[in-house]
2 protein chains.
Amino acid sequence: MNEREHTRLRDEWSIQEIARLVGTTSRTLRHYDAIGLLAPSRIGSNGYRWYDGPALVRLQRILVLRELGLPLPAIQRALRDEQDAAAALREHLTLLRREQRRLERQAASVERTIAALDSGGRLMAENMFDGFDHTQYKEEVEQRWGADAYASGDAWWRGMTEADREGWTALVAQLGADWSAAAQAGTDPASAQAQALAQRHADWLAGIPGTPGHGTGRPAKEYLLGLGDMYVADPRFAASYGGERGATLVRDALRVWAQAHL
Amino acid sequence: MNEREHTRLRDEWSIQEIARLVGTTSRTLRHYDAIGLLAPSRIGSNGYRWYDGPALVRLQRILVLRELGLPLPAIQRALRDEQDAAAALREHLTLLRREQRRLERQAASVERTIAALDSGGRLMAENMFDGFDHTQYKEEVEQRWGADAYASGDAWWRGMTEADREGWTALVAQLGADWSAAAQAGTDPASAQAQALAQRHADWLAGIPGTPGHGTGRPAKEYLLGLGDMYVADPRFAASYGGERGATLVRDALRVWAQAHL
DNA sequence: GCTTGACCTTGACGTAACGTCAACTCCTAC
DNA sequence: GTAGGAGTTGACGTTACGTCAAGGTCAAGC
């Protein structure tokens, strides 16, 4: 088969030829046949698949929609009538935008984590369950509440005895476990149970020297609300509070609590 | 089992308990065990899995990295030493950014296609292989080259006889097929073969009344270069030129040709 | 007439990270 | 003794094909 014959125009093509023509593979065409998306126009007595002009056109439409990211079932439906095509694309577009925003948040989160690691953090080496890691959040605390806040909190922690720390750690772990259980049970953020946890959480925070509000018996309102948002946005916190559901519950319960008590 | 016992701090948890604690499912934990990512600290004589503190910490690290979008094998490697974690995250970040840009292009493409459909286009109803669809590109042509260009090209096409159109269509289809074959063969854009195709392509374009350069025997340089970029960016074109590889070859060959001849 | 080689076929496994039965065992409480 | 709520190990389904594997078909060259 020479070049001339290879590219001469005919009214029927083999599976390889048509695959090359549109830049895909024969495996893909067999797949489309198998799922009923594109059947060959003719099947030889030897089982070979042959495609004609209309089949080629349909294939091209399929590939256009595929390039745009539509799943094959959606392409199937869209090709049944052109009305559906626009609707499917519109729906797909909102999905694309949503996914874009998700990636944006994820990338930002990765960047923060890299920065934390670079500045000496240890990827939850000492976290809520085995000792609250102060260095972990150094940057964020300093940025929001000043270097003094961080330094005094850090000094306080380092000044504790081993027994003190273990007791503190157990408290924190218990709090995290209770939040997790409450989230799992679908507790309402405004419920008495959640508000009791919020109270414990606030007490705990107020007990840490250096946090805004320490000494007044209750944390500063802005600090508490900001902390709640951080819990939800940062997977390092979510891991200690029963995942995203848990972190969301903590934030919402703290909001309600802050409105009532601060 | 009452609430107190449920949330009391212990040194060992069942699979359900630990799943709830971190906000995931027991199935996930069994999966992690199966792939060697996280083994239970102990397995009872009855086959039950039990997890202790260190296992919980490891699980939390896993979930943090998973939230950040890392695949499980990468998490596996990252947890072996903290050095790798930062490197893995950095690599992952570039992937995220790349994917973000891809989605951006895809979304833009979807928007253009929706606009084309809304303004009466028919999703490649008459394309390169069954008749160049002028209405398809109305918007783009008008935007770049003015409404006159579009109108005169359209009138010319509508004024053709059936036989004229068939002849023209065959020419265009042959050109597309030859481009596809060349792309498949890995032809160099600067090669004699590709340049011969580019010449045919330019001749063809120049033969369409209304295109910039029609009447001069060769298309306008800017028009030709812009068209090449459009070929690559728009899947509707790619479908007729052997996919992305084909469209890229056309663009690059036209660039070389334009430098030499325009 | 036979080999060679390109092309075709169907069948089946692999991919990522689990969700979702199914069938069965274990343990505690009433 | 039994009901129910754990736990266990399979095994299939998900997306859109890639990638063998084993074997049939066809035109060309000796």
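Every chain is numbered from 1 and lettered A, B, ... according to where its sequence line falls, protein lines coming before strand lines.
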Taking only residues two or more places apart in sequence or in another chain, which ones pass side chain to side chain donor-acceptor pair (under 3.5 Å) with [X]?
| X | result |
| --- | --- |
| Ser191(A) | none |
| Arg200(B) | Asp178(B) |
| Glu99(B) | Arg102(B) |

Worksheet item: In the 5'-to-3' direction, what one-character label does each nucleotide of nucleotides 16-22 of chain D receive under the scheme B = base within less than 4.0 Å of a protein heavy atom, S = sugar-phosphate only, - = no such atom?
Response: BBBB---
Euclidean distance, atom [atom1] of residue [X] to atom [atom2] of [N] [Å, nearest integer]:
| X | N | atom1 | atom2 | result |
| --- | --- | --- | --- | --- |
| Ile62(B) | dA17(C) | CD1 | P | 12 Å |
| Glu99(A) | dT15(D) | CD | P | 16 Å |
| Tyr51(B) | dG7(D) | OH | C1' | 12 Å |
| Tyr48(B) | dT25(C) | OH | C1' | 7 Å |
| Glu17(A) | dA6(C) | CD | P | 16 Å |
| Leu95(A) | dT15(D) | CG | P | 14 Å |
| Arg20(B) | dG5(D) | CZ | P | 13 Å |
| Gln76(A) | dT15(D) | CD | P | 13 Å |

Practice prompt. Tell me, please, which residues at least two apart from Arg77(A) pass side chain to side chain contact (heavy atoms under 4.5 Å, CB included).
Written response: Pro73(A), Ala74(A), Arg80(A)
Practice prompt. Would you please name every residue forming a side chain to side chain contact (heavy atoms under 4.5 Å, CB included) with Ala247(A), sequence neighbours left out?
Written response: Tyr231(A), Val232(A), Ala238(A)
Worksheet, complete the sentence: So, with a heavy-atom separation below 4.0 Å from DNA chain D, the residues of residues 34-45 of chain B are none
If you compare every side-chain N and O of [X] against the phosphate oxygens of [N] (OP1, OP2), does one of them come in below 4.0 Å?
| X | N | answer |
| --- | --- | --- |
| Ser14(B) | dA6(D) | no |
| Asn46(A) | dC26(D) | yes |
| Arg30(A) | dT10(C) | no |

Worksheet, complete the sentence: Quick note, salt bridge (charged side-chain N to carboxylate O under 4.0 Å, His left out) partners involving residues 28-45 of chain A, not counting sequence neighbours, are Glu12(A)-Arg42(A), Asp33(A)-Arg49(A)
Mind listing the side-chain donor-acceptor pairs of residues 62-72 of chain A below 3.5 Å, one per line with the distance, residues two or more places apart or on another chain?
unit_1, atom_1, unit_2, atom_2, d
Arg66(A), NH1, Tyr32(A), OH, 3.4

Worksheet item: In terms of side-chain heavy atoms, does Gln100(A) have a donor or acceptor partner in Gln100(B) at a distance below 3.5 Å?
Response: no
Worksheet item: Roughly how far apart are Ile15(A) CD1 and Arg20(A) CZ, rounded to 0.5 Å?
Response: 11.5 Å
